Amino acid sequence: MAMRTGDAHGAPGSDWGVFRARRNLFRSSDIGGIFMFRRATEGGREDFNRIYGADTYIRFPGEIDLSVYYLASDARATGGGDNLAPPLDRDRGGYTVRTSLNREGNFHHIKFGFMEMSPDFRNDLGFLRRTGFRKYFVDWGIRPRFQFMRRLGVREVHPHIVWNYYDDLDNRMLAKWLHTGITFFLNNGGNVQIQVDPTFERIDRPFRLDRRIDPIPPGSYSWAPWSLTGGTDASRMFSFRWRGTLGELWSGTQKSLSLTSCGHCGPCVPTTRSIPTCSSMRWSSTIRRTTSSTRTCASTSSMRR
């Protein structure tokens, strides 16, 4: 795929391209490569970004699969770029690598892996929330089905965790998000989940949640909000989703309640396409304590990477 953009809103025109190749291996594995680029239509020698890499997906016996990719970038720019890649007056190269091992079974599932991105990695064709980090992650759960709970209207129980840790390249913790929950899937197609999300964020510069309150000063912050979520059968013509959250947020507290209703324009059967129409109502507040008063602002959430 290739395209050209013209000058707009002070940004110079550029040529853009994405080339992707993949080859199947054996019965259910594959290997591939990718090349992406951006090159200014004027002064392309001084304003460009190239990303190239390879990936593979290997399926092993026993419902186990391995996924690996590696990307490298080189860039030179006189302006523009994403929010984490300021204008450059020199060449800059970087890399990112990710690997994960996954087992997906009917009763038990687990996925864990590792990702690293250098501070100099740049991708003008995407958005990077942060660079210069290592990420460790695990997603684990079981799906038991108890006969006695079926009589109570519960088809399946799903206790699970989704944990993400982030360190910088000097092994200093940057952030963590430790989602821990249990989901009840009901016989009627609905579901209910209770969860707690211990969170840690380290910020090196002031962070503004809302323009009506003072920025949060640099430092380390931990909080652990509780949430209760649920929904009715989404395959029906009309369905509802709801979520309530209560607990801390950064240096203050939060509480929120949301309700979303969805309607399908047409029968909800697999052979018929339908267009969902959703509306939602939300009541929320985030309270930040200060030395002189307590202020209330619109609900916000922490960064998700």
Side-chain angles (χ1 to χ4, degrees), residues 1-2 16-38 49-75 82 84 92-145 156-171 173-183 185 270 303-305:
M1 182 180 70
W16 307 77
V18 178
F19 301 90
R20 168 70 167 160
R22 189 182 69 174
R23 181 178 178 82
N24 292 334
L25 294 176
F26 309 111
R27 182 172 297 180
S28 55
S29 302
D30 61 72
I31 188 171
I34 191 169
F35 174 67
M36 302 181 288
F37 74 88
R38 181 198 61 81
N49 176 219
R50 294 187 289 259
I51 304 101
Y52 43 89
D55 66 287
T56 185
Y57 173 85
I58 302 175
R59 183 77 172 181
F60 296 101
E63 303 172 321
I64 298 174
D65 58 76
L66 173 68
S67 176
V68 181
Y69 73 72
Y70 177 86
L71 293 172
S73 72
D74 63 272
D82 56 51
L84 293 181
R92 189 171 85 165
Y95 69 90
T96 181
V97 60
R98 183 185 186 275
T99 181
S100 65
L101 190 65
N102 178 58
R103 181 190 183 276
E104 190 67 36
N106 291 330
F107 176 77
H108 173 262
H109 68 89
I110 185 169
K111 180 178 182 178
F112 57 91
F114 164 82
M115 179 180 181
E116 180 172 311
M117 182 179 293
S118 70
D120 293 330
F121 182 77
R122 179 173 179 139
N123 179 12
D124 288 351
L125 285 78
F127 175 76
L128 305 176
R129 291 180 180 266
R130 62 175 46 164
T131 59
F133 69 89
R134 293 189 184 98
K135 176 184 177 182
Y136 308 89
F137 57 92
V138 60
D139 182 340
W140 173 86
I142 57 175
R143 303 184 181 99
R145 296 188 175 189
E156 181 179 286
V157 183
H158 183 214
H160 61 277
I161 62 172
V162 182
W163 290 0
N164 296 325
Y165 286 87
Y166 296 83
D167 292 341
D168 63 19
L169 300 186
D170 294 322
N171 297 316
M173 180 177 286
L174 297 175
K176 68 179 179 182
W177 182 65
L178 307 181
H179 169 83
T180 304
I182 181 169
T183 308
F185 294 96
M303 292 184 294
R304 293 289 180 262
R305 291 144 297 273

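Just so it is clear, the structure is predicted and the values come from calculations on it, not from any experiment. Quick note: residue numbers are just sequence positions, from 1.
Ion pairing of Asp120 with Arg122 is absent here, as no side-chain N (NZ or NE/NH1/NH2) approaches a carboxylate O to less than 4.0 Å. Between Arg50 and Asp74 there is a salt bridge, with a side-chain nitrogen of the basic residue lying less than 4.0 Å from a carboxylate oxygen of the acidic one. Using a cut-off of 4.0 Å between Lys/Arg side-chain N and Asp/Glu carboxylate O, Arg20 and Asp55 are scored as salt-bridged.
How far CG of Leu125 is from OG of Ser73: 11.5 Å, rounded to the nearest 0.5 Å. Taken from CD in Glu63 to CG in Asn106, the straight-line distance is 6.5 Å, to the nearest 0.5 Å. To the nearest 0.5 angstrom, Asp124 atom CG is 10.0 Å from Met36 atom CE. For the atom pair CE (Met115) and OH (Tyr69), the distance works out to 3.5 Å, reported to the nearest 0.5 Å. The distance from the NE2 atom of His109 to the CZ atom of Arg143 is 4.5 Å, given to the nearest 0.5 Å. A distance of 9.5 Å separates CZ in Phe185 from CZ in Arg145, rounded to the nearest 0.5 Å.
Both tests hold for Lys135 against Phe137: distance to the six-membered ring centre under 6.0 Å, angle to the ring axis within 45°.
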request  = Output, in order, the C-alpha distance, side-chain angles, deciding distance and verdict of salt bridge (charged side-chain N to carboxylate O under 4.0 Å, His left out) for Arg59 and Glu104.
outcome  = CA-CA 11 Å; Arg59 183 77 172 181; Glu104 190 67 36; over 6 Å; no
inquiry  = Walk me through whether Phe19 and Phe37 qualify under side chain to side chain contact (heavy atoms under 4.5 Å, CB included).
reply    = CA-CA 9 Å; Phe19 301 90; Phe37 74 88; 3.6 Å; yes
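Ring pair His158/His160 is parallel by interplanar angle, where below 30° counts as parallel and above 60° as perpendicular. Between Tyr136 and Phe114, the ring-plane angle classifies as tilted under the 30° and 60° cut-offs.
Counting heavy atoms from C-beta outward, Val157 and Ile182 have side chains that approach closer than 4.5 Å. Two residues are said to be in side-chain contact when any heavy atoms from C-beta on lie closer than 4.5 Å; Ser118 and Thr131 fail this criterion. Contact annotation: the side chain of Leu169 approaches that of Pro119 to within less than 4.5 Å [non-hydrogen atoms, C-beta and beyond]. Looking at heavy atoms from C-beta onward, Asn24 lies in side-chain contact with Asp30 at the 4.5 angstrom threshold. Inter-residue side-chain proximity for Phe26 and Ile58 is flagged as unmet; no heavy-atom pair is nearer than 4.5 Å. The shortest side-chain heavy-atom distance between Arg134 and Tyr165 does not fall under the 4.5 Å cut-off.
Crowding of Phe107 atom CZ: a count of heavy atoms from other residues, nucleotides or ligands under 6.0 Å exceeding 12.
Counting only distance, with no hydrogens or angles, the side chain of Thr96 and the backbone of Leu71 share no donor-acceptor pair below 3.5 Å.
The two residues Tyr57 and Ser28 come nearest to each other via the heavy atoms CE2-O, 3.6 Å.
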